[in-house]
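The structure appears below as structure tokens.
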Amino acid sequence: MAVQLCLLLLLFCGSTISEVQPIYKPPPGTLDFGFVPAKTYDTGAYHEPGPIGILFKVVHAFLYLVQPNPFPQDLIRKLAQQKFGNTQGDYQKPENVVLTLQAIYYEIGFIVSAALGLLFILLLPLVGLCFCMCRCCDNCGGEMHQRQKKNADCQRSCFATFLFVASSIISVGVLCAYAANQHLTSQVRGAKKLVNSNFKDLKVFLNDTPAQIDYLVSQYNTTKDKALSDLNNVGPLLGSRVQEQLGKEVRPALDAALTMAGAIRETKEALENVSVSVEVLQEGTERLHGNLTDVKMHLSNTLNDSACAAAQAASTCNIIRNSLNQLNINANFSGLPGVSSQLAKVNDVLKIDLSSLVQKGYAAFNDTPDLVVNQTKNILSDIKNVLESIGSNISNFTKTLPVQKIIADLTVYLTQSEANVQDYFPLVEQYDFYRWLGCLILCCMVVLIVIFYYLGLLCGTCGYDKHASPTTRGCISNTGGNFLMAGVGFSFLFSWVLMIVVVLTFVTGGNIEKLVCEPFEDKTLFKVLDTPYLLNQHWKNYLSGILFKNPNINLTFEKVYSDCKENKGIYTSLHLDHLFNINEFLNISMYTEDVALKIEHIQINLSKIILLDEIGKENLLNFSSSGIEGINFGAYLTEINKSVTKVDLLSFANDLEARADQLPKGALENALKGHANNIRMIHSQQVVPLEQAMSTLNQSIRLLKRTSSELMVKVKNVISAVNAAQLLINNNASLVIVQETKKYMDTIIGYFEQYIEWVKESIAMEVAACKPIANVIDTAVDIFLCSYVTDSVNTFWFGLGGSSIFLIPAIIFAVKLSKYYRRMDTEDVYDDSVEQW
């Protein structure tokens with residue numbers, strides 16, 4: 001009944017997850033579902049024995065010496081599968097004989113040790129009986145006569161030392177046995193707390209599972225809220241995606257048109273600059289020509305002065321006179337053609353604000369998200385209703401599961417089991433008290449023997465008088481000898497009883513350690529239990545046969561234990577998907593089909609978007625026919641590349657002044673310097689402004705030349721790009737909308753995929769985590785059976801067995817030593833012969 005209830009609970013715990021889905025596609029956005037609520041389990045399935053652990057390790061090392069063979073997996077499998085005694089003569093079959101020999105070979109260490117123990121049990125009482133009868137006949141040291149020897153003191157000291165060492169070893173052994181006995185009792189009494197902790201964890205495991213399921217269901221709201229958020233932002237999301245895809249062609253076309261509008265304005269400014277600059281240059285060169293003519297005339301008059309006829313000034317004056325022809329203008333702007341007709345046409349073009357028309361196209365295109373919002377209102381309302389209905393379906397489904405009833409039934413069963421265990425605890429403690437008392441009595445037997453030996457050594461050593469003869473020894477020395485013989489007598493009486501307990505506990509505890517505890521620790525024991533057809537000859541997998549009535553499911557003890565040890569979900573650990581296939585509950589299409597259908601019906605019409613109307617296109621064509629390409633750029637550039645005057649007036653003025661300095665001081669020199677200053681003034685006031693006007697003209701002409709280069713082709717390309725973008729919006733936008741709608745739908749569906757994947761992961765690793773089940777197994781086997789009981793029992797027989805073995809040399813040394821302490825009836829004066837007994 002309990003197993004069935006457990007399985008039913010685990011089934012419904014897993015009823016919100018699915019089988020492993022195909023390849024999981026990571027969604028574009030990550031949802032945060034938080035952490036599945038989980039309580040902390042109190043049971044720590046680990047036992048630290050404390051200082052006595054050193055003794056446990058010593059015993060383990062001794063057992064390894066006795067039984068160094070590895071765990072016999074194959075042998076145990078064959079023995080378990082082999083049927084003995086079904087028919088007469090089974091034991092004589094060759095295969096059974098071989099198995100028996102293999103078992104004997106594996107157990108040879110225990111068999112030899114047990115045989116020696118049995119030999120001890122049989123021989124020691126028999127030897128004690130013979131020894132007692134021999135002493136009653138005044139033999140074997142029973143005659144109260146001691147022969148004097150020269151080395152008597154040395155023999156007495158050696159016997160006393162050896163007896164003390166043997167007694168010390170016996171004391172250590174009995175202390176180990178007592179410590180193990182006390183440890184076992186204390187652990188058994190403390191096991192109640194550990195058992196209660198396991199029951200508490202199991203109850204937490206049961207009570208926590210419904211809350212975890214409710215949390216998984218409640219997190220659907222996170223998915224729904226994110227989906228609703230995206231639906232409410234369909235404009236920025238879907239609309240922006242559509243706009244982004246169309247913008248790859250629309251924006252470059254509009255940018256080109258806007259650039260062309262800027263080029264029109266720049267052309268106008270350039271034409272105006274050309275017109276103004278030509279007029280300035282024409283007027284300026286004419287005025288400059290007149291001024292230079294006046295300067296030449298005045299210089300000529302000055303050079304005709306009689307002072308130039310002097311021998312010292314004649315050559316200088318001639319040089320100056322010959323350079324007067326350089327004072328003339330170089331560039332002639334009067335013949336340059338005008339640009340007034342082109343400027344008038346461009347002004348006509350600018351009467352229409354092309355930039356404003358392009359900006360209207362931008363604005364219309366940027367309204368795409370708003371168009372999407374307005375055209376999807378009804379469909380989005382339907383999708384929101386579908387999301388609400390999905391949440392209701394999930395909640396209704398979980399409410400139909402009888403989880404609470406199953407939890408209640410299992411809790412009742414668990415409570416009854418706990419009550420039964422609690423009822424048995426007093427009985428267990430009572431029997432453990434009997435065991436403790438029996439072991440304590442055994443220890444007291446050894447302690448009694450050791451006390452007699454210690455008292456004998458104490459009294460004999462303290463009361464011995466080397467000057468006294470054997471017949472005159474003191475009372476204390478004689479009492480010491482009697483204590484030693486009392487210890488020998490009790491040794492013969494108790495030793496065989498002790499060894500019987502040692503052999504039984506050794507064979508039992510040692511084999512449990514080697515065949516259960518060690519293979520459990522390295523999980524080899526589970527591998528044996530998982531052997532096909534081992535526990536049931538008709539079942540390949542016993543565990544799945546018990547749980548699912550289907551032994552072909554690959555469910556092993558080792559895998560279940562390992563998964564629960566790692567605190568994985570019980571649905572994963574027990575492969576409950578084989579018991580109940582719930583793929584239909586988490587099939588993504590089940591929840592997203594309606595949503596996908598609604599999204600696929602989204603229809604968006606962008607035909608109202610006008611990028612550039614016919615007026616704007618006509619305006620561009622008018623600009624291309626404005627005639628700027630007909631301007632004679634060569635004539636302009638020819639004159640622009642010339643200097644204003646044939647000679648640099650500043651250089652001429654400086655040279656003139658330098659030559660004036662070569663003349664004698666006087667009116668001629670002063671007159672020439674005055675002409676030089678006048679030339680400098682003409683340069684600064686007339687030539688420099690003309691050079692600036694030529695620079696402006698140069699920039700404007702070159703700009704017009706670049707703009708006019710293939711102007712018609714450029715304008716047609718812009719109009720073609722705008723037409724192509726408009727055609728894309730009018731005719732092919734539906735394809736882009738379908739593609740982006742599919743991506744938008746995948747984003748919404750991705751939230752469901754994340755939720756489903758998170759639910760699967762949570763069920764696999766967190767929901768109904770079966771750590772308490774592994775803890776129960778560890779508590780029962782590793783802690784209670786192995787650490788509490790087996791280690792303590794093994795340490796007990798190890799200490800008690802060591803004490804029992806060392807009783808043999810103690811008996812010999814005590815008998816020998818008692819002769820030197822007891823008061824004799826007769827004595828010899830001196831005798832070198834060897835004492836016989």
Side-chain angles (χ1 to χ4, degrees), residues 5-21 24 26-27 29-42 200-229 387-411 414 563-564 566-574 576-577 580 582-588 590-592 748-773:
L5 287 174
C6 259
L7 287 177
L8 191 55
L9 171 66
L10 300 178
L11 166 64
F12 285 112
C13 287
S15 62
T16 54
I17 69 167
S18 167
E19 294 179 344
V20 177
Q21 297 288 334
Y24 169 67
T30 302
L31 300 179
D32 182 13
F33 297 107
F35 298 97
V36 177
K39 298 293 181 63
T40 302
Y41 296 125
D42 294 338
K200 180 181 177 182
D201 287 348
L202 289 174
K203 290 179 179 178
V204 170
F205 167 74
L206 293 177
N207 297 330
D208 200 33
T209 299
Q212 292 175 329
I213 296 174
D214 292 340
Y215 182 81
L216 295 185
V217 174
S218 67
Q219 286 306 302
Y220 170 76
N221 291 329
T222 301
T223 305
K224 183 187 70 175
D225 293 342
K226 181 59 177 175
L228 290 176
S229 175
L387 293 178
E388 294 292 345
S389 65
I390 292 174
S392 300
N393 291 338
I394 293 177
S395 299
N396 293 334
F397 170 73
T398 56
K399 290 178 181 178
T400 60
L401 300 177
V403 175
Q404 294 297 336
K405 182 179 183 303
I406 298 172
I407 293 292
D409 293 342
L410 284 174
T411 302
L414 196 62
D563 288 346
C564 289
E566 296 173 4
N567 203 26
K568 291 183 179 180
I570 202 165
Y571 187 88
T572 300
S573 302
L574 291 183
L576 295 181
D577 52 316
F580 184 72
I582 54 169
N583 185 40
E584 56 187 87
F585 297 114
L586 278 189
N587 187 351
I588 192 65
M590 173 183 176
Y591 300 111
T592 61
I748 302 297
I749 301 305
Y751 300 141
F752 289 93
E753 292 178 345
Q754 284 190 74
Y755 175 69
I756 298 304
E757 190 66 20
W758 174 76
V759 169
K760 291 193 297 182
E761 182 68 19
S762 299
I763 289 295
M765 301 302 298
E766 299 179 64
V767 175
C770 59
K771 181 71 172 178
I773 297 177

Are [X] and [Y] packed together at the side-chain level, in the sense that at least one heavy-atom pair is separated by less than 4.5 angstrom?
| X | Y | answer |
| --- | --- | --- |
| Thr222 | Tyr751 | no |
| Phe33 | Leu216 | no |
| Thr411 | Asn207 | yes |
| Lys203 | Leu414 | yes |

Does Gln754 form a side chain to side chain contact (heavy atoms under 4.5 Å, CB included) with Thr30? I'd like the steps, not just the answer. CA-CA 8 Å; Gln754 284 190 74; Thr30 302; 4.0 Å; yes

Check Ser573 against Cys770 and note the closest heavy-atom contact, atom names and distance. OG-SG, 3.4 Å

All heavy atoms of Ala769 vs all of Pro772, minimum pair found to be O-CD, 3.5 Å

Once you round to the nearest 0.5 Å, how far does [atom1] of [X] lie from [atom2] of [Y]?
| X | Y | atom1 | atom2 | value |
| --- | --- | --- | --- | --- |
| Asp563 | Lys771 | CG | NZ | 12.0 Å |
| Ile773 | Leu202 | CD1 | CG | 7.5 Å |
| Asn567 | Met765 | CG | CE | 8.0 Å |

Side chain to side chain contact (heavy atoms under 4.5 Å, CB included) for Val36 and Trp758? Distances and angles first, verdict last. CA-CA 10 Å; Val36 177; Trp758 174 76; 3.9 Å; yes

For [Y], is there any backbone N or O sitting under 3.5 Å from a side-chain donor or acceptor partner on [X]?
| X | Y | value |
| --- | --- | --- |
| Gln212 | Pro37 | yes |
| Thr572 | Lys568 | no |
| Tyr755 | Asn221 | no |

